[in-house]
Amino acid sequence: RGCLGWTNCLAAVPQDQLYAVEKFGKFSHIAEPGLTYAGLDCCGCCITYRSISRRVEQNSITVQTKTKDNVFVAVQVAVQQSVLPDRAHTAMYTLSDVHLQIESYVSDVVRSSLPL
């Protein structure tokens, strides 16, 4: 939502977020923290914003696997991730459930490297 009630041309982007600016539903650019001008907007219907956090998030994952000597072990893994500002477009528009995708990837890596 823009700074002015009747238009979205100006937006104050918080320090810990990035905004994707969309004009008529099409991605335009990434707005960095601070006051940003998105372009001309008529009655707040032409320009919209999507936000994504720049904070570091942590996923705690428990992976259960079987070793070569038929022993089941539960491994706890903590993964920290944050959005790179130059990859914010990819993070917003191509990933559907980031935490689930990271959990799946980490589980695959642990299961492939643990049976020693």
Side-chain angles (χ1 to χ4, degrees):
R1 177 111 187 131
C3 291
L4 304 173
W6 48 273
T7 183
N8 285 334
C9 61
L10 288 175
V13 181
Q15 186 67 34
D16 65 340
Q17 293 186 344
L18 295 170
Y19 281 5
V21 179
E22 297 175 345
K23 295 181 181 179
F24 296 104
K26 182 180 178 190
F27 173 77
S28 174
H29 64 278
I30 296 292
E32 296 283 333
L35 186 64
T36 186
Y37 175 73
L40 295 176
D41 187 27
C42 179
C43 300
C45 63
C46 304
I47 297 174
T48 56
Y49 300 98
R50 287 187 186 208
S51 66
I52 192 166
S53 177
R54 295 175 53 173
R55 293 180 181 226
V56 176
E57 297 179 21
Q58 179 168 317
N59 287 352
S60 295
I61 304 164
T62 302
V63 181
Q64 192 168 20
T65 187
K66 185 171 129 178
T67 62
K68 286 184 179 180
D69 54 354
N70 291 331
V71 175
F72 284 95
V73 292
V75 179
Q76 290 196 345
V77 181
V79 178
Q80 294 179 341
Q81 82 266 358
S82 65
V83 174
L84 299 173
D86 59 330
R87 305 279 299 198
H89 177 272
T90 304
M92 283 188 205
Y93 293 103
T94 60
L95 301 176
S96 59
D97 188 352
V98 177
H99 297 289
L100 188 61
Q101 290 170 318
I102 288 176
E103 183 176 337
S104 174
Y105 179 77
V106 169
S107 295
D108 290 345
V109 170
V110 169
R111 284 190 188 111
S112 68
S113 61
L114 194 63
L116 300 174

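Bear in mind that the values here come from a model prediction, so they are computed numbers and not experimental data.
Heavy atoms only, all atoms of each residue included: Gln17 and Arg54 are closest at O-CD, 3.7 Å. A pairwise comparison of heavy atoms in Thr90 and Thr94 identifies O-OG1, 2.5 Å as the closest pair. Taking each heavy atom of Gly39 and Cys9 in turn, the nearest pair found is O-CB, 2.9 Å. Here the closest heavy-atom approach between residue Ser96 and residue Gln101 is recorded as N-OE1, 4.0 Å. Nearest heavy-atom pair, Val106 versus Ile61, reported as atom, atom and distance to 0.1 Å: CB-CD1, 3.9 Å. Contact between Val21 and Ala38 at its shortest, heavy atoms only, is CG1-CB, 3.7 Å.
Scored by the ring-ring contact (aromatic ring centres under 6.0 Å, His included) test, Tyr105 finds no partners at all (sequence neighbours excluded).
Checked by atom type and distance alone, the side chain of Ser107 pairs as donor or acceptor with a backbone atom of Glu103 at under 3.5 Å.
Rounding to the nearest 0.5 Å gives a distance of 12.0 Å between CG of Asp16 and CD1 of Ile52. Summarising the geometry, atom CZ belonging to Arg87 is positioned 13.5 Å from atom CE belonging to Met92; distances are rounded to the nearest 0.5 Å. Atom CG of Leu18 sits about 13.0 Å away from atom NE2 of His89, to the nearest 0.5 Å. One distance of note links CZ of Arg55 with CD of Gln81; it measures 14.0 Å at 0.5 Å rounding. Note that CD of Glu57 and CG of Asn59 are 7.5 Å apart. Values are rounded to the nearest 0.5 Å.
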Starting from the C-alpha separation in whole Å, work towards a yes-or-no answer on side chain to side chain contact (heavy atoms under 4.5 Å, CB included) for Gln76 and Thr62.
CA-CA 4 Å; Gln76 290 196 345; Thr62 302; 3.8 Å; yes
Trace of the side chain to side chain contact (heavy atoms under 4.5 Å, CB included) decision for Ile30 with Tyr19:
CA-CA 6 Å; Ile30 296 292; Tyr19 281 5; over 6 Å; no
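At a threshold of 4.5 Å between side-chain heavy atoms, the hydrophobic network of Ile, Leu, Val, Met, Phe, Trp and Tyr places Val110 and Ile102 in one connected group. Residues Val56 and Val98 fall into different hydrophobic clusters, defined by Ile, Leu, Val, Met, Phe, Trp and Tyr side chains chained together at heavy-atom separations under 4.5 Å. The hydrophobic clustering, which links ILVMFWY residues whose side-chain heavy atoms are closer than 4.5 Å, places Val109 and Val73 apart.
A perpendicular orientation is assigned to the rings of Tyr93 and Phe27, their planes being inclined by more than 60° (bins at 30° and 60°).
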